[in-house]
Amino acid sequence: MSRGERFEVIGFDADDTLWSSEDSFRDAAAMFAEVVGPHTPDGVDVLDALHATERDNIAISGYGVKAFALSMVQA
C-alpha cells in the first residue's frame, strides 16, 4: 500500500486492565499529594510535579504500578 492510499478501517486495542485500574491510580496520586504536600515548598503543585515526572519517565519505564511508584519516589 502506498502512502497515498486511504485506509477503510483503523483499529486499536485499548488495554482494559488500565481502565479498571485508573481509579486506583487517581486515589494513590491524591493520597500522595495529601502526604507529601505539607512538606513541599510554597507554590509547588505536587500532582503537577508527579504527572511531569511520569511523562518524563514513560520512555524508560512505560506504564504500570512499578513505573507509577518509581515516579512518586522521584517526584
Side-chain angles (χ1 to χ4, degrees):
M1 181 179 290
S2 71
R3 290 181 67 132
E5 294 181 38
R6 296 185 156 238
F7 294 97
E8 290 183 29
V9 176
I10 297 175
F12 63 94
D13 179 21
D15 188 341
D16 59 333
T17 58
L18 290 177
W19 297 117
S20 62
S21 300
E22 181 61 24
D23 290 340
S24 297
F25 281 100
R26 287 183 185 182
D27 291 346
M31 188 180 301
F32 174 78
E34 183 180 325
V35 171
V36 174
H39 307 284
T40 60
D42 289 339
V44 172
D45 186 311
V46 176
L47 289 179
D48 283 349
L50 174 59
H51 295 144
T53 304
E54 286 183 278
R55 282 191 300 275
D56 289 345
N57 291 340
I58 286 174
I60 299 165
S61 304
Y63 295 100
V65 173
K66 182 178 179 181
F68 183 70
L70 291 173
S71 290
M72 286 194 292
V73 170
Q74 186 177 0

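All of these numbers come straight from a predicted model, not from anything done at the bench. In what follows, every heavy atom counts, from backbone to side chain, and hydrogens, waters and symmetry copies are set aside.
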Could you pull out all donor-acceptor pairs under 3.5 Å where a side-chain atom in residues 24-37 meets a protein atom, sequence neighbours excluded?
from, atom 1, to, atom 2, distance (Å)
Arg26, NE, Glu22, OE2, 3.1

Completion exercise
Ala67 and Gly62 have their tightest heavy-atom pair at CB-O, 3.4 Å
Problem - Pairs where residues 51-62 contributes a residue and the test side chain to side chain donor-acceptor pair (under 3.5 Å) is met, not counting sequence neighbours - result: Asn57-Ser71, Asn57-Gln74
Problem - Hydrophobic cluster membership, Leu70 vs Leu50, 4.5 Å side-chain cutoff - result: no
